[in-house]
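Here the structure is a predicted model, which means the values were calculated and not measured.
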Amino acid sequence: MERITHLYKTLTGCEPKDIVPLAGAGSNRRYFRVEGGEEHSDGKTRTLIAVIGTHLEENEAFLTLASQFRHGGLSVPEVLAVSEDRMTYLLEDCGDVSLYSFMAQHRQENGEFDQEALAALQATIEALPQIQFLPVSSKTEESFFSKCFPLQTMDRHNVMFDLNYFKYCFLKLKGIEFNEFKLQQDFENLADDLLKEQDSTFLYRDFQSRNVMLKDGKPYFIDFQGGRRGPIYYDVASFLWQSSARFSDDIRSILIDSYLRALRPYRIVEKSDFISKLHLFVFFRVLQVLGAYGYRGLWEKKAYFIESIPLAISNLQKELLLGVCAPYPYLQEVCATLVTLCTQDEEARREEEEKRAKVAAYLQHDATYLNTENRPPLVVRVFSFSFKNGIPEDESGNGGGYVFDCRSTHNPGRYDEYKPLTGLDQPVIDFLEADGEILTFLDSVYKMVDFHVARFMERGFANLQINFGCTGGRHRSVYSAQHVAEHIHQKFGVEVRINHREQGVKQTLSIRP
């Protein structure tokens with residue numbers, strides 16, 4: 001925090017009022033919203049975005065491209081200050097509304113978007129040609145690409161890395177058997193076809209709705225530091241076939257028309273020819289995305305990426321049906337096997353969810369039955385503690401319940417700014433939820449605890465103890481105990497007694513009528 005404070009004070013001449021961590025993306029960069037101490041004429045305080053990078057060349061790529069884009073008239077956040085070591089910088093705050101969240105708010109019951117969302121999508125994709133052709137139109141091609149990181153151009157190494165990412169981080173983790181040599185040959189042929197489309201345009205690399213912020217109704221573009229020289233089709237494929245966006249074919253057709261109209265000042269392309277080449281990049285992008293989902297989801301067990309796999313598999317299945325993969329017969333065979341396996345896995349998952357729903361419905365007895373006078377009310381005791389000081393004793397004499405070890409999740413206590421705080425403080429809550437590991441951990445806890453509470457209520461048991469331990473009993477265990485206690489109270493209405501032992505904090509959530 002000291003470097004952000006110093007940089008802000010150097011820029012504005014005053015101390016920041018507050019520095020709040022923001023949820024990160026897929027990289028190790030750290031983001032903060034900095035609230036200023038001075039007020040504007042409208043009575044509001046100015047806020048900036050602070051970024052602490054982990055790689056100097058990546059920072060230089062962003063700073064250079066941001067300057068080039070601003071000079072070219074593109075809507076990107078202005079860089080306001082950069083530290084001497086170039087590892088920290090302050091940006092214009094483009095707000096909290098991403099195109100992705102805006103789409104979610106304006107998606108109608110039939111899955112389509114209202115006119116506001118459609119207009120925002122069109123404005124976004126209509127800006128893409130200007131981004132792509134800026135190096136050509138500004139006649140600064142070499143200086144433009146010289147700072148790109150980690151590559152200046154989408155080349156064979158780039159393509160093969162992504163294809164092997166799919167092979168090792170998805171196919172292998174899903175247990176798909178394949179012939180390495182046959183698959184490699186089709187990868188080589190696919191790379192040849194993708195690289196036929198090279199020119200001097202800019203490839204954004206991660207052009208998707210989460211990287212577009214809407215400020216005063218206008219799209220602002222962020223996270224372009226991974227860009228490089230590459231073909232125009234890649235970013236269109238990335239945007240329109242983003243799995244979680246769930247665009248219909250009709251919406252994609254409208255947005256392709258919008259893109260081609262905006263492309264005309266730079267290049268005239270027949271729609272049929274464009275779509276034919278586009279689908280090759282859609283197929284490639286889906287494989288690349290599955291590689292990322294495999295690593296982040298199947299390997300790192302992050303829930304969001306696991307939940308996104310069926311959407312990407314659906315996109316892959318559609319590309320197979322279109323015959324895009326026909327020139328690569330062995331790759332097509334492997335992908336068809338993958339689609340079949342993932343479809344079966346998804347069906348099995350849904351069947352399991354249906355079974356659990358039936359069990360839960362069975363356990364939801366009539367409230368009058370659960371509260372009869374001859375049944376003692378259940379009291380649930382929830383503790384947070386440090387393993388250094390031992391597991392809390394069960395004073396009820398029941399002797400049952402749970403002890404959960406939270407030490408497998410990311411520890412905020414490793415960072416100076418969180419050390420004096422606890423799992424009840426908002427910055428720690430934001431840190432844990434942005435990282436996501438604690439949420440995946442608690443998903444499993446809720447399932448076990450819900451079943452246990454319901455059964456104890458059914459059988460007339462009076463006590464249940466649930467303990468959450470971590471290294472110091474300060475951050476992860478406190479967060480987990482508090483959230484599980486509130487979850488039980490909200491769902492079952494029983495009395496819940498919370499004891500954050502190492503913090504000396506106790507709280508009782510009274511039985512709800």
Practice prompt. List the steps, then state whether side chain to side chain contact (heavy atoms under 4.5 Å, CB included) holds for Leu163 with Phe284.
Written response: CA-CA 8 Å; Leu163 292 174; Phe284 173 56; 3.9 Å; yes
Discussion item. Using the rule given for salt bridge (charged side-chain N to carboxylate O under 4.0 Å, His left out), can you reason through Asp405 versus Arg407, listing the C-alpha separation, both sets of side-chain angles and the distance that settles it, and then say yes or no?
Written reply: CA-CA 6 Å; Asp405 188 344; Arg407 290 175 295 183; 2.8 Å; yes
Worksheet item: Step by step, would you call Asn411 with Cys470 a side chain to side chain contact (heavy atoms under 4.5 Å, CB included)?
Response: CA-CA 9 Å; Asn411 184 10; Cys470 65; over 6 Å; no
Worksheet item: Passes side chain to side chain donor-acceptor pair (under 3.5 Å), Asn463 versus Gln465? Steps please.
Response: CA-CA 7 Å; Asn463 295 284; Gln465 184 160 315; over 6 Å; no
Practice prompt. Determine, step by step, whether His410 and Tyr415 satisfy the ring-ring contact (aromatic ring centres under 6.0 Å, His included) criterion, reporting the C-alpha distance in whole Å, the side-chain angles of both residues, the deciding distance to 0.1 Å, and the verdict.
Written response: CA-CA 11 Å; His410 197 174; Tyr415 304 98; 5.7 Å; yes
Worksheet item: Under the salt bridge (charged side-chain N to carboxylate O under 4.0 Å, His left out) criterion, do Arg33 and Asp96 qualify, and how do the steps go?
Response: CA-CA 10 Å; Arg33 176 165 278 116; Asp96 293 314; 2.8 Å; yes
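The aromatic rings of Phe404 and Phe441 sit perpendicular to each other, their planes meeting at more than 60°, with 30° as the lower class boundary. In this pair, Phe62 and Phe224 present their aromatic rings parallel. The plane angle is below 30°, not in the 30 to 60° band. Between Phe207 and Tyr204, the ring planes are perpendicular. Angles over 60° get that label, and only those under 30° would be called parallel. Ring planes of Phe431 and Tyr418: tilted class, angle from 30 to 60°.
For Ala481 against Ser384, the heavy-atom pair with the smallest separation is CB-CB, 3.9 Å. Here the closest heavy-atom approach between residue Val79 and residue Ala66 is recorded as CG2-CB, 4.0 Å. For the pair Tyr165 and Gln288, the tightest heavy-atom approach, listed with the atom from each and the gap, is CD2-O, 4.2 Å. In terms of heavy-atom proximity, Ala485 sits nearest to Val496 at CB-CG1, 3.7 Å. Contact between Leu91 and Pro77 at its shortest, heavy atoms only, is CB-CB, 4.4 Å. Scanning all heavy atoms of the two residues, the minimum distance from Gly413 to His475 falls at CA-CE1, 3.6 Å.
Taken from CD1 in Ile19 to CD in Glu2, the straight-line distance is 10.0 Å, to the nearest 0.5 Å. Note that the CE atom of Met103 and the CZ atom of Arg107 stand 5.5 Å from one another [nearest 0.5 Å]. Note that CG of Leu214 and OG of Ser209 are 10.0 Å apart. Values are rounded to the nearest 0.5 Å. To the nearest 0.5 Å, the span separating NZ on Lys506 from CZ on Arg497 amounts to 10.5 Å. In this structure, CE in Met213 is found 12.5 Å from CZ in Phe102, a value given to the nearest 0.5 Å. Atoms CD1 and CD1, from Ile429 and Ile438 in turn, are 11.5 Å apart once rounded to the nearest 0.5 Å.
Side-chain contact of Lys318 with Asn315: a donor-acceptor pair under 3.5 Å is absent, judged by distance alone. With 3.5 Å as the limit, one finds no donor-acceptor pair spanning the side chains of Tyr446 and His483. Side-chain contact of Arg30 with Thr54: a donor-acceptor pair under 3.5 Å is absent, judged by distance alone. Checked by atom type, the side-chain pair Arg210/Ser98 shows no donor-acceptor distance below 3.5 Å. Residues Asp85 and Ser83 bring a donor and an acceptor atom of their side chains to less than 3.5 Å of each other. Ser75 and Lys218 share a side-chain donor-acceptor pair at under 3.5 Å.
A side-chain donor-acceptor contact under 3.5 Å links Thr343 to the backbone of Val339. With hydrogens and angles disregarded, a donor-acceptor distance shorter than 3.5 Å links the side chain of Arg476 to the backbone of Thr409. Distance alone, capped at 3.5 Å, places no donor-acceptor pair between the Arg285 side chain and the Asp235 backbone. With hydrogens and angles disregarded, a donor-acceptor distance shorter than 3.5 Å links the side chain of Asn211 to the backbone of Asp206. A donor-acceptor distance shorter than 3.5 angstrom exists from the side chain of Asp425 to the backbone of Thr422, with no hydrogens or angles considered. Here the side chain of Asn164 pairs no donor or acceptor atom with the backbone of Lys167 at under 3.5 angstrom. Arg474 places a side-chain N or O within donor-acceptor distance of the main-chain N or O of Lys419, the cut-off being under 3.5 Å. Between the side chain of Asp18 and the main chain of Glu35, no donor-acceptor pair closer than 3.5 Å is present.
Contact of the Phe247 side chain with the Leu121 side chain is registered, since non-hydrogen atoms from C-beta on lie closer than 4.5 Å. Side-chain atoms of Trp241 and Gln208, non-hydrogen and from C-beta on, never get closer than 4.5 Å to each other. Under the 4.5 Å side-chain criterion, counting only non-hydrogen atoms from C-beta, Glu300 is not in contact with Phe305. In this structure the side chain of Leu7 never reaches within 4.5 angstrom of the side chain of Arg3, judged on heavy atoms. Within the 4.5 Å cutoff, the side chain of Cys335 has heavy atoms near those of the Leu316 side chain. Under the 4.5 Å side-chain criterion, counting only non-hydrogen atoms from C-beta, Phe456 is not in contact with Val494. Here the side chains of Ile466 and Ile488 are in contact, with some heavy-atom distance below 4.5 Å. Contact of the Val478 side chain with the Leu424 side chain is registered, since non-hydrogen atoms from C-beta on lie closer than 4.5 Å.
A salt bridge links Asp345 with Lys174: at least one charged nitrogen is closer than 4.0 Å to a carboxylate oxygen. Between Arg205 and Asp162, at least one side-chain N (NZ, or NE/NH1/NH2) sits under 4.0 Å from a carboxylate O, which counts as a salt bridge. A salt bridge is absent between Arg350 and Glu354: the closest approach of a Lys/Arg side-chain nitrogen to an acidic carboxylate oxygen does not fall below 4.0 angstrom.
Aromatic ring centroids of Phe387 and Phe385 lie under 6.0 Å apart.
Counted within 6.0 Å of OH on Tyr295, heavy atoms from surrounding residues, nucleotides or ligands total 12 or fewer; the atom is thus considered open. The number of heavy atoms from other shown groups lying within 6.0 Å of CD (Glu352) is above 12. In this structure, Gln426 places its CD atom where more than 12 heavy-atom neighbours from other residues, nucleotides or ligands lie under 6.0 Å away. Heavy-atom neighbours of Asn110 CG from other residues, nucleotides or ligands within 6.0 Å: above the threshold of 12. Residue Gln108 qualifies as enclosed at atom CD: its count of foreign heavy atoms under 6.0 Å is above 12.
Applying the side chain to side chain contact (heavy atoms under 4.5 Å, CB included) test between His487 and each of Lys491, His489, Gln490 identifies Lys491 as the sole match. Tested against Leu255 for a side chain to side chain contact (heavy atoms under 4.5 Å, CB included), the candidates Thr124, Leu240, Asp250 yield a single pass: Leu240.
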